[in-house]
Number of protein chains: 2
Amino acid sequence: MARVGLTPDRLTRAGADMADEVGFDQVTVSALARRFDVKVASLYSHVRNSHDLKTRIALLALEELADRGSAALAGRSGKDALTALADVYRDYAHDHPGRYAAAQFRLTPEAAAASAGTRHSQMTRAILRGYDLDEPDQTHAVRLLGSVFHGYVSLEQAGGFSHSAPDSQASWSRILDALDALLRNWPTTEAG
Amino acid sequence: MARVGLTPDRLTRAGADMADEVGFDQVTVSALARRFDVKVASLYSHVRNSHDLKTRIALLALEELADRGSAALAGRSGKDALTALADVYRDYAHDHPGRYAAAQFRLTPEAAAASAGTRHSQMTRAILRGYDLDEPDQTHAVRLLGSVFHGYVSLEQAGGFSHSAPDSQASWSRILDALDALLRNWPTTEAG
DNA sequence: CTCATTTGCCTAAAACCTTTAGCCAAATGC
DNA sequence: GCATTTGGCTAAAGGTTTTAGGCAAATGAG
């Protein structure tokens with residue numbers, strides 16, 4: 001029998017593509033085997049199990065997202081950087097909904113440690129260099145930005161903001177304006 | 001044979017409990033039948049299929065969350081209300097991780113329309129009565145708050161903020177401070 | 001180039017989940 | 001009491017996951 005040339009990487013990329021096409025939770029070892037016109041058991045030489053496959057897809061998505069983030073941040077600072085990184089997340093989720101869903105796959109602590117998670121928080125931290133925040137407020141702000149980016153994009157993807165005025169793009173722009181204003185004027189204690 | 005007394009509601013509640021115990025994605029028609037010591041096919045008289053079961057659990061979680069939100073908001077306004085509602089989400093996710101995961105289950109448009117989604121956005125809007133925002137900024141702010149609540153809680157649940165200083169509670173408090181400050185001082189246009 | 005080894009895809013099979021169809025007994029209502 | 005509805009059952013088909021063991025294709029050493 002001629003060999004198809006399966007590798008963990010090819011399977012992962014094909015799985016990611018499949019996720020974008022039919023949804024991350026529809027990605028299955030069986031479906032992937034079908035796509036390569038190969039018997040299901042053959043995949044188990046390259047991937048430990050279904051969970052492993054999904055983890056790999058999640059890690060791929062996180063890497064891709066971090067790569068795009070780095071590229072977008074290069075040469076930018078301040079609000080320009082803020083907007084650029086925010087748009088990377090939103091655009092990625094829009095262009096690659098399955099990959100974005102994969103990026104939210106619950107990783108084991110080991111997988112999480114080996115993921116691009118650190119790169120992501122460092123990118124957000126890089127943005128904050130354009131603002132005047134000391135620790136621990138800088139970390140609080142990193143978490144706030146992460147929450148807004150992730151939260152907004154998730155809610156938008158779930159359809160939360162469609163079919164109602166104003167349109168989502170308008171809210172997105174204003175929210176980034178507001179975050180920029182907030183970071184420039186971060187409250188010290190109780191600002192009465 | 002004696003009847004067990006299954007109903008869609010009992011199945012839904014049992015499914016929600018199971019989600020909290022073993023995770024929402026482990027909730028399966030088979031597992032639920034096992035829990036009631038009943039044959040699998042019996043459940044199909046009460047629930048259309050697996051997807052229907054999950055949708056019902058999601059709707060239950062959204063209702064419970066809205067109920068808690070209403071209770072927490074009663075008699076509160078301003079930052080007090082903001083904190084109260086925010087804590088409802090965070091505490092619910094902490095106490096009922098499976099239900100919270102269910103609340104993020106992708107609903108069909110019809111199910112979403114019949115869900116407590118509207119109650120949720122109205123609760124957030126009620127908070128904003130304590131601040132001075134006109135449309136469309138009020139809607140933008142509703143979306144921002146929803147994003148932060150959902151985003152923060154999701155990232156926290158995924159383990160994003162554990163094992164690193166400052167602790168998550170500190171960030172949560174400061175983020176709510178910051179949101180309060182932002183809402184009190186919402187930028188009008190370009191605040192140069 | 002040949003032969004030994006490794007590797008890749010195969011068949012087979014067991015275990016589990018989903019869903020439908022049709023049956024019988026228990027509950028319900030006149 | 002009896003007819004009807006309803007709830008849980010058996011049976012069965014189809015799909016997914018995963019392991020075990022086999023054979024042929026690729027690879028590398030002499």
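These numbers were taken from a predicted model, which means no experiment stands behind them. Computation of the quantities below employed the complete heavy-atom set of this structure, encompassing side-chain atoms and omitting hydrogens, waters and symmetry-equivalent molecules. Chain letters run A, B, ... following the sequence lines, proteins first, then strands; residues in each count from 1.
Between the CG atom of B:Asp25 and the P atom of C:dT18 there is a distance of 12 Å, rounded to whole Å. In this structure, CG of B:Leu43 is placed 9 Å from P of D:dG8, rounded to the nearest angstrom. The distance between atom CD of B:Gln26 and atom P of D:dT16, rounded to the nearest whole Å, is 18 Å. Between A:Arg34 atom CZ and C:dC9 atom P there is a gap of 18 Å when expressed in whole angstrom units. Between the NZ atom of B:Lys39 and the C1' atom of C:dC23 there is a distance of 16 Å, rounded to whole Å.
A donor-acceptor pair is defined here as one N or O able to donate and one able to accept, closer than 3.5 Å; no such pair exists between the side chain of B:Arg174 and the backbone of A:Asp137. Under the 3.5 Å distance criterion, the side-chain polar atoms of B:Gln157 are matched with a main-chain donor or acceptor of B:Ala93.
For A:Thr28 and D:dT17, the shortest distance from a side-chain N or O to OP1 or OP2 is below 4.0 Å. OP1 or OP2 of C:dC10 lies within a sub-4.0 Å distance of a side-chain N or O belonging to A:Ser42.
In the hydrophobic clustering of ILVMFWY residues, with side-chain heavy atoms under 4.5 Å counting as a link, B:Leu65 and B:Leu60 come out apart. Residues B:Met123 and B:Leu144 fall within the same hydrophobic cluster, defined by Ile, Leu, Val, Met, Phe, Trp and Tyr side chains chained together at heavy-atom separations under 4.5 Å.
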Just the atom pairs and distances: protein N or O near nucleotides 26-28 of chain D's N or O, under 3.5 Å.
none

Look for any protein N or O under 3.5 Å of an N or O in nucleotides 18-21 of chain D and output each such pair with its distance, or none.
from: D:dT18; atom 1: OP2; to: A:Tyr44; atom 2: OH; distance (Å): 3.2
from: D:dT18; atom 1: OP2; to: A:Ser50; atom 2: N; distance (Å): 2.7

Taking N or O atoms only and anything under 3.5 Å, show me the protein contacts with nucleotides 3-5 of chain C, one pair per line.
none

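Applying the salt bridge (charged side-chain N to carboxylate O under 4.0 Å, His left out) rule to pairs touching residues 98-124 of chain B yields B:Asp17-B:Arg99, B:Asp20-B:Arg99, B:Glu63-B:Arg119, B:Glu64-B:Arg99, B:Asp67-B:Arg119, sequence neighbours excluded. Counting only residues at least two apart or in different chains, salt bridge (charged side-chain N to carboxylate O under 4.0 Å, His left out) contacts with residues 48-60 of chain A comprise A:Asp52-A:Arg56. The ring-ring contact (aromatic ring centres under 6.0 Å, His included) contacts involving residues 76-100 of chain A comprise A:Tyr89-A:His120, A:Tyr89-A:Phe149, A:Tyr92-A:His96, where partners must be two or more places apart or lie in separate chains. Sorted by first and then second residue, the salt bridge (charged side-chain N to carboxylate O under 4.0 Å, His left out) pairs with a member in residues 142-163 of chain A read A:Arg90-A:Glu156; sequence neighbours excluded. Applying the ring-ring contact (aromatic ring centres under 6.0 Å, His included) definition to pairs two or more places apart or across chains, those involving residues 47-75 of chain B are B:His51-B:Phe105.
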Give every donor-acceptor pair under 3.5 Å between a side-chain atom in residues 32-42 of chain A and any protein atom, sequence neighbours left out.
from: A:Arg35; atom 1: NH2; to: A:Glu21; atom 2: OE1; distance (Å): 2.7
from: A:Ser42; atom 1: OG; to: A:Lys39; atom 2: O; distance (Å): 3.1

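Side-chain polar atoms of B:Gln122 and B:Thr118 form no donor-acceptor pair below 3.5 angstrom.
Closest non-hydrogen pair, A:Leu59 versus A:Ser115, comes out as CD2-CB, 3.4 Å. Looking at every heavy atom in both residues, A:Gly78 comes nearest to A:Ile127 through O-CG2, 4.5 Å.
Counting heavy atoms of neighbouring residues, nucleotides and ligands inside a 6.0 Å radius, atom CG of A:Asp95 exceeds 12 of them. Within 6.0 Å of CG in B:Asp167 there are more than 12 heavy atoms belonging to other residues, nucleotides or ligands.
Of all the residues in residues 4-24 of chain A, not one reaches under 4.0 Å from DNA chain D with any non-hydrogen atom. Residues from residues 52-61 of chain B placing a heavy atom under 4.0 Å of any atom in DNA chain C do not occur.
The ring-ring contact (aromatic ring centres under 6.0 Å, His included) search around B:Trp172 returns B:Tyr152, not counting sequence neighbours.
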